[in-house]
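Here the structure comes first, spelled out in structure tokens, and everything after it is commentary.
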Amino acid sequence: MAPRKNAKGGGGHSSSSSSGSGSGSGSPSTGSSGSSSSPGARREAKHGGHKNGRRGGISGGSFFTWFMVIALLGVWTSVAIVWFDLVDYEEVLGKLGVYDADGDGDFDVDDAKVLLGLKERSTSEKTFPPEEAKPPAELEEQAPEGAEVQNAEDEVKEQIQSLLQESVHTEYDPQLEAEGPAGERQPEVEDFLTVTDGDDRFEAMESGAVHEETEDSYHMEEMASQDHPNDVEEMMHEQERSEEATHQDYAEPVYEHSENEGIEISDNTIEDSSIISEEINVPSVEEQQDTPPVKKKKPKLLNKFDKTIKAELDAAERLRKRGKIEEAMNAFEELVRKYPQSPRARYGKAQCEDDLAEKRRSNEVLRRAIETYQEAASLPDAPTDLVKLSLKRRSERQQFLGHMRGSLLTLQRLVQLFPGDTTLKNDLGVGYLLMGDNDSAKKVYEEVLNVTPNDGFAKVHYGFILKAQNKIAESIPYLKEGIESGDPGTDDGRFYFHLGDAMQRVGNKEAYKWYELGHQRGHFASVWQRSLYNVNGLKAQPWWTPRETGYTELVKSLERNWKLIRDEGLMVMDKAKGLFLPEDENLREKGDWSQFTLWQQGRKNENACKGAPKTCALLEKFSETTGCRRGQIKYSIMHPGTHVWPHTGPTNCRLRMHLGLVIPKEGCKIRCANETRAWEEGKVLIFDDSFEHEVWQDASSFRLIFIVDVWHPELTPQQRRSLPAI
């Protein structure tokens, strides 16, 4: 409001300052601009002008002042027009819709070119239903030859509708009938944002049936009623209840990759780590921004009937775009009631439910949106673009809720309806990966690459699958070329992670250059610290002391009772070697490494603790470890001749303690970042396993340690309760 005050009544102060300088340079007869004693000078000063302001015409200072006054008045007038909606521009543009010549439902530059004869009217696109390609009523007589095209489009649309109806009533794929990992019924997701400890989201663990997590699995990072008889959700309802809840929903916040600076990296540690090889041709962010955007076609969402109610649809849509979600919801619900066969009204209702779910953070509302998207796509005469957008969004929201099987079915329908769309096939491949079906995903990406060999998205995912299958050397060119393509979806930390890891394993020193590039792109906190599930701002260093962690009591208890912990571990080894399960996350280059887990993701393994009851009782007192839902508590035995590849843990939210139990005198060591240490019996080592670490066991006998993960000390109690388990 300050500018408005100056524009109206503050000109005297503004012009007096400018006139002071003006009189000093533009009036030679005045000795001093600020000391005139004549009455005339005083009168003019009183009015805010300089000495010659009235008689000598407008000086430079006064001209600038009045120019600013007029400019500010114009600005505020424009603001008032927009702020108070004095002119409804959307309504004006809506009235021009009758001149829609290209069938996209509104009047734009392309329509003007058609009407002026500067552009041909398009009537031959087979991807759109006939009512979308048909010209407006007032221009129909100009295109009588379109009848044959319309018949062809009618056939295409009939095929799409038949596929939609068939897929709605298709029996569930037997391959997807399998229950979750433990075969137990999964509790329903909370409907509203609540703080939970996450315990009800995971199945009970079998003894020892847990493994150290790595980045090799494909996880999601960016809600349906059962009443609708044609919804695929009804067919999958029981199956989805048993899915493992490793998803995100509105009860779990989303965390982006950390931008922590981490530790300083010695110039001598990684040769030329800051120099990106000329062979790394990934487009920079600036280059991507300078690339002119490809003009996308507007989706055609109106069928013949919806064009007749366009004004009502536009009015409801305006409310939604202005953020008046509840009002927009009421408007679209009324339209659905009046016109139940209107695909656009139903689609608008789904979008409002989607927006409302986001606003209220409600999974129940999101489930309704998922159902409504399905209804919109299944209506007769639904435009092709609307079908595609509805089902694609439906799949995304199903994935968000963790309904991976339902999302996969939706993606399969999309590919069936639009077999030539490689983007949808790429999405289908991701759907299979999220289900853990790497073989099916691999087939999908092979099909895509056969048709479009330079598809960067397909390449990085194909390389990801090859590496997961331990085809390390084969995966490198796909990952490298895919990232270098700069295609959407390829600039992802997982692909930099796996490309560098694959290069390390084949002895390619360029690995750290890719890690450096990943760091520069914001995917890694540093070249050393490459975890992908992070909380920003946490202290980052590879090695910690007990005092730095604040968990001194836990460390003292472990070191005081190390023999008790050791003896129970040895007893489990002697009595039931089967409880120590081999590491199967592809972290070993060679050797024998097994683990026996007592706690996983903050949940106690009751069966395992029967083998080490005193150890488990000892740990119960320390919630910083037993409640750490991003870690484990476990025995780890490593036999001679074992080498563990350099690797990083998945998150910066934990620290890892190693208690030495049975340690050979020499030959066993661990490196974290650029510092290597050795274990001691009865002593605790603490490090941050989100930093790169590597292990060697070259002794003549086995090495036994006890691993205890704890929350990062800087995490708040709220964060510890709400962070999703890993």
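We count residues from 1, following the sequence as given.
The neighbour count for Glu681 CD, taken as heavy atoms of other residues, nucleotides or ligands under 6.0 Å away, is above 12. Other residues, nucleotides and ligands place more than 12 heavy atoms under 6.0 Å from the OH atom of Tyr462.
Checked against Met657 for a side-chain contact (heavy atoms from CB on, under 4.5 Å), the options Leu685, Ile707, Val555 give a single hit: Val555. Tested against Arg530 for a side-chain hydrogen bond (donor to acceptor under 3.5 Å, both in side chains), the candidates His519, Glu692, His647 yield a single pass: Glu692.
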Exercise. Could you walk me through whether Val644 and Glu694 pass the side chain to side chain contact (heavy atoms under 4.5 Å, CB included) check?
Worked result: CA-CA 6 Å; Val644 178; Glu694 183 177 11; 5.8 Å; no

Exercise. Stepwise, does the side chain to side chain contact (heavy atoms under 4.5 Å, CB included) test hold for Tyr551 with Val710?
Worked result: CA-CA 9 Å; Tyr551 301 135; Val710 293; 3.6 Å; yes

For this session: Before giving the answer on side chain to side chain contact (heavy atoms under 4.5 Å, CB included), spell out for Glu553 and Phe622 the whole-Å C-alpha distance, their side-chain angles and the decisive distance to 0.1 Å.
Result: CA-CA 9 Å; Glu553 289 303 316; Phe622 302 100; 4.2 Å; yes

For this session: Begin with the C-alpha distance, continue with both residues' side-chain angles, and end with the deciding distance and a verdict on side chain to side chain donor-acceptor pair (under 3.5 Å) for Ser531 and Asn534.
Result: CA-CA 7 Å; Ser531 53; Asn534 301 323; 2.6 Å; yes

Exercise. Leu723 and Trp711: side chain to side chain contact (heavy atoms under 4.5 Å, CB included), yes or no, with the steps?
Worked result: CA-CA 11 Å; Leu723 279 169; Trp711 284 116; 3.9 Å; yes

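Side-chain contact check for Pro542 versus Trp528: every heavy-atom pair is 4.5 Å or farther apart. Counting heavy atoms from C-beta outward, Leu434 and Ser407 have side chains that stay 4.5 Å or more apart. Here the side chains of Trp514 and Met503 are in contact, with some heavy-atom distance below 4.5 Å. For the pair Leu661 and Ile565, the minimum side-chain heavy-atom distance is below 4.5 Å. Leu499 is listed as a side-chain neighbour of Ile483, based on a closest heavy-atom distance under 4.5 Å. When side chains are defined from C-beta on, Val430 counts as touching Phe457, because their heavy atoms get closer than 4.5 Å. Using a 4.5 Å heavy-atom cutoff, the side chains of Tyr432 and Asn438 are not in contact. Side-chain contact between Phe524 and Leu532 is present, with heavy atoms from C-beta onward closer than 4.5 Å.
Once rounded to the nearest 0.5 Å, the distance linking CD1 of Ile637 with NE2 of His639 reads 4.0 Å. Put simply, CZ on Arg505 and OG on Ser475 are 9.5 Å apart, with the number rounded to the nearest 0.5 Å. Taking NZ of Lys442 as the reference point, atom CG of Asp439 lies at 7.5 Å (rounded to 0.5 Å). With rounding to the nearest 0.5 angstrom, the NE2 atom of His523 is 3.5 Å from the CG atom of Asp491. Distance check, rounded to the nearest 0.5 Å: CG of Asp689 to SG of Cys672 gives 8.0 Å. Put simply, CZ on Arg603 and CD on Glu606 are 9.5 Å apart, with the number rounded to the nearest 0.5 Å.
Scanning both residues, Gln697 and Met638, for their nearest heavy atoms gives NE2-O, 2.9 Å. Across every non-hydrogen atom of Leu466 and Tyr478, the tightest pair is CD1-CD1, 3.7 Å. Pairing each heavy atom of Cys609 with each of Trp599, the nearest pair is SG-CZ3, 4.1 Å. The two residues Arg703 and Cys668 come nearest to each other via the heavy atoms CB-SG, 4.0 Å. Contact between Ile705 and Gly660 at its shortest, heavy atoms only, is CG2-CA, 4.3 Å. Gln529 and Ala540 make their closest contact through OE1-CB, 3.5 Å (heavy atoms, listed as atom of the first residue, atom of the second, distance).
Cation-pi check for Arg566 over Phe706 is not met; the charged atom does not lie both under 6.0 angstrom from the ring centroid and within 45 degrees of its normal. For the pair Lys539 and Trp544, the cation-pi test (distance below 6.0 Å, angle within 45°) is passed.
Ring geometry, Phe495 versus His461: the interplanar angle exceeds 60°, so the pair is classed perpendicular (tilted spans 30 to 60°). Taking the six-membered ring where tryptophan is involved, the planes of Trp543 and Phe687 are tilted, since the angle between them lies from 30° to 60°.
Between Arg671 and Glu675 no salt bridge is recorded (no basic side-chain N to carboxylate O distance below 4.0 Å). A salt bridge between Asp567 and Lys563 is absent, with no side-chain N of the basic residue lying under 4.0 Å from a carboxylate O of the acidic one. Checked for salt-bridge contact, Arg588 and Glu583 meet the test: a charged N lies under 4.0 Å from a carboxylate O. Under 4.0 Å is where a charged nitrogen must lie from a carboxylate oxygen, and between Glu620 and Lys604 at least one such pair does.
Neither side chain, Gln600 nor Arg629, offers a donor N or O lying under 3.5 Å from an acceptor on the other. Side chains of Glu568 and Tyr635: no donor on one and acceptor on the other come within 3.5 Å. For Gln541 and Glu548, the side-chain atoms include at least one donor-acceptor pair closer than 3.5 Å. Side-chain contact check for Glu510 and Tyr515: no donor-acceptor pair (N or O, by modelled atom type) lies under 3.5 Å.
At distances below 3.5 Å, at least one donor-acceptor pair connects side-chain atoms of Asn652 with backbone N or O atoms of Val535. Although no hydrogens or angles enter the test, the distance criterion places no donor-acceptor pair under 3.5 Å between the side chain of Glu481 and the main chain of Gly456. Without hydrogens or angle criteria, Arg397 side chain to Gln399 main chain gives no donor-acceptor distance under 3.5 Å. Side-chain atoms of Asn470 do not come within 3.5 Å of backbone N or O of Lys467 as any donor-acceptor pair. With hydrogens and angles disregarded, a donor-acceptor distance shorter than 3.5 Å links the side chain of His693 to the backbone of Phe691. Although no hydrogens or angles enter the test, the distance criterion places no donor-acceptor pair under 3.5 Å between the side chain of Ser362 and the main chain of Ala357. In this structure, Arg654 contributes its side chain and Arg630 its backbone to a donor-acceptor pair below 3.5 Å. The main-chain N or O of Phe497 is never found under 3.5 Å from a side-chain atom of Asp501 such that the two would form a donor-acceptor pair. At least one donor-acceptor pair closer than 3.5 Å links the side chain of Glu559 to the backbone N or O of Val684. No donor-acceptor pair under 3.5 Å is formed between the side chain of Gln520 and the backbone N or O of Gly522.
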